[in-house]
Amino acid sequence: MPNSRDAIIQTLKDARAYVEYLDELGVETVESFGQTPTGVSVSVSAPIEQTVARISEAERSIRIGAPPQTTFFDQSPSILPGFAAPTETLDEIWQDIGDCTRCGLCEGRTQVVNTHGNRNARLMFVGEAPGADEDAQGKPFVGRAGQLLTKIIEAIGLKREDVIIGNVNRCRPPGNRQPTLEEAAICRPFLCREIAAVRPEVIVVMGNTALRNLLEIREGITRVRGQFQDFQGIKVMPTFHPAYLLRDPSKKRETWEDMKTVKAYLDSRETQRSSN
């Protein structure tokens, strides 16, 4: 007879397999039911990717005998809609991430690559995952794509040290492949916590992976680029990834138009503050 721990782990495996099956069918959200600490019954509609991540985290926690970092019915206060006052610092988030082994990407990486830059930045850039140069140096966007990103930042009158830059995933996928849905879903909550700690005025998501995993939408970058989206009350500008621009320089003009829109919005916010 299996012990209770093994039975729980098997139940979680079955639950994850079922949720992944729903994802293959095209289901985008699942309904969770539970109670708040005050005993109020609640129903929460959670994205498929987030549900998979929570199940995986619960399974991992039970295996190592640690308390789970999330439950099926609760969200960290730092990532609730509207972003209440930050409850943690970037250093505390990174300490929580630690030498992460939450998904299989840990097996091939050199090091975890956390978000890097100005901790009070008005502008944040989010990409897909580290590449070889980033994996070696431990900082995001330091290779050829990073050099182009630096030029893009400077083109709108800012310096790299003025902004903050990160990725949906913190570990380099083998062969620079796209992170899987599960890998991205496991990492996404840490990015959300960083956003809550920094509270930028604008987030630029670069490429389809960043777009779909941060905003949890299925539209592609070519359809929504240049149009401000919303994430927890923060303006989000989708645009092409610098690595894509290296392959297709003809898209640089569209990216420049997107960045001019970002600059105009930041300038208008600054003007508004000055006049108050």
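For the numbers below, each heavy atom of this structure counts, side chains included, while hydrogens, waters and symmetry mates do not.
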Exercise. Hey, does Thr271 have a side-chain heavy atom less than 4.5 Å from the side chain of Ser268?
Worked result: no
Exercise. Among all residues two or more places apart in sequence or in another chain, which pass the salt bridge (charged side-chain N to carboxylate O under 4.0 Å, His left out) test with Glu194?
Worked result: Arg170
Exercise. Is it true that a side-chain atom of Asn176 and a backbone atom of Gly131 form a donor plus acceptor pair closer than 3.5 Å?
Worked result: no
Exercise. Taking Glu161 for the side chain and Gly117 for the main chain, is one N or O donor matched with an acceptor at less than 3.5 Å?
Worked result: no
Exercise. Can Val126 and Asn167 be said to form a side chain to side chain contact (heavy atoms under 4.5 Å, CB included), step by step?
Worked result: CA-CA 5 Å; Val126 176; Asn167 287 295; 5.7 Å; no
For this session: Would you confirm whether Glu216, through its side chain, and Asn213, through its main-chain N or O, come within 3.5 Å as a donor-acceptor pair?
Result: no
Problem set entry | For Asp258, all residues meeting salt bridge (charged side-chain N to carboxylate O under 4.0 Å, His left out), sequence neighbours excluded | Arg225
Problem set entry | salt bridge (Lys or Arg N to Asp or Glu O under 4.0 Å) contacts touching residues 144-156 (sequence neighbours left out) | none
Seminar exercise, completed: Sequence neighbours excluded, the answer for side-chain hydrogen bond (donor to acceptor under 3.5 Å, both in side chains) partners of Thr150 is Arg160
Exercise. How far does SG of Cys100 sit from CH2 of Trp94, to the nearest 0.5 angstrom?
Worked result: 15.5 Å
Problem set entry | From Thr115 atom OG1 to Ile165 atom CD1, the distance as rounded to the nearest 0.5 Å | 9.5 Å
For this session: Decide whether Val262 and Leu149 are clustered together by the hydrophobic rule: side chain heavy atoms of Ile, Leu, Val, Met, Phe, Trp, Tyr closer than 4.5 Å, transitively.
Result: yes
Problem set entry | Over 12 non-hydrogen atoms of neighbours within 6.0 angstrom of CZ in Arg223 | no
Seminar exercise, completed: The reported gap from CE in Met237 to NZ in Lys263 (rounded to nearest 0.5 angstrom) is 14.0 Å
Seminar exercise, completed: Taking every heavy atom of Gly98 against every heavy atom of Val112, the minimum-distance pair comes out as O-CG2, 3.8 Å
Exercise. Can we say Asp267 and Lys260 salt-bridge, meaning some charged N sits less than 4.0 Å from an Asp/Glu carboxylate O?
Worked result: no
Exercise. Is it true that Phe190 and Val205 fall in one hydrophobic cluster, defined by side-chain heavy atoms closer than 4.5 Å?
Worked result: yes
Seminar exercise, completed: Taking every heavy atom of Ala145 against every heavy atom of Pro242, the minimum-distance pair comes out as O-CB, 3.4 Å
Exercise. Is the backbone of Ala121 close enough, under 3.5 Å, to the side chain of Arg199 for a donor and an acceptor to pair up by distance?
Worked result: no
For this session: Please determine which of Asn118, Leu191, Val236, Val163 meets the side-chain contact (heavy atoms from CB on, under 4.5 Å) test together with Met124.
Result: Leu191
For this session: Using a strict 4.0 Å threshold on nitrogen-to-oxygen distance, state whether Arg193 and Asp91 make a salt bridge.
Result: no
Exercise. How long is the gap from CG on Leu245 to CD1 on Ile152, to the nearest 0.5 Å?
Worked result: 5.5 Å
Problem set entry | Shared hydrophobic cluster for Val168 and Leu211 (ILVMFWY, side-chain gaps under 4.5 Å) | yes
For this session: Could you pull out all residues at least two apart from Glu201 that satisfy salt bridge (charged side-chain N to carboxylate O under 4.0 Å, His left out)?
Result: Arg122, Arg269, Arg273
Exercise. Is there a path from Ile164 to Met206 through hydrophobic residues (I, L, V, M, F, W, Y) whose side chains come within less than 4.5 Å of each other?
Worked result: yes
Exercise. Between CG of Leu214 and CZ of Phe231, what distance do you get to the nearest 0.5 Å?
Worked result: 5.0 Å
Problem set entry | Close side-chain approach of Ile203 and Ile195, heavy atoms under 4.5 Å | yes
For this session: Keeping to residues at least two apart or across chains, list the ring pair (Phe, Tyr, Trp, His ring centres under 6.0 Å) pairs with something in residues 246-276.
Result: Phe228-Tyr265
Exercise. Could you give all pairs that pass the salt bridge (Lys or Arg N to Asp or Glu O under 4.0 Å) test and reach residues 230-253, with sequence neighbours left out?
Worked result: Lys251-Glu254
Exercise. Under the salt bridge (charged side-chain N to carboxylate O under 4.0 Å, His left out) test, which residues partner Arg109, sequence neighbours left out?
Worked result: Asp99
For this session: Applying ring-ring contact (aromatic ring centres under 6.0 Å, His included), name anything that partners Phe141, two or more places apart in sequence or on another chain.
Result: His241
For this session: Tell me, with the steps shown, if Arg212 and Glu219 meet salt bridge (Lys or Arg N to Asp or Glu O under 4.0 Å).
Result: CA-CA 7 Å; Arg212 289 169 175 166; Glu219 287 85 356; over 6 Å; no
Seminar exercise, completed: Across all chains, not counting sequence neighbours, the side chain to side chain contact (heavy atoms under 4.5 Å, CB included) partners of Asp162 are Leu158, Lys159
Seminar exercise, completed: So the salt bridge (Lys or Arg N to Asp or Glu O under 4.0 Å) pairs with at least one residue in residues 132-142 (sequence neighbours excluded) are none
Problem set entry | Residue list, side chain to side chain contact (heavy atoms under 4.5 Å, CB included) with Asn169, at least two apart or on another chain | Leu105, Ala129, Pro179, Glu183, Ala184, Cys187
Problem set entry | Val204 with Ile153, same ILVMFWY side-chain cluster at under 4.5 Å | yes
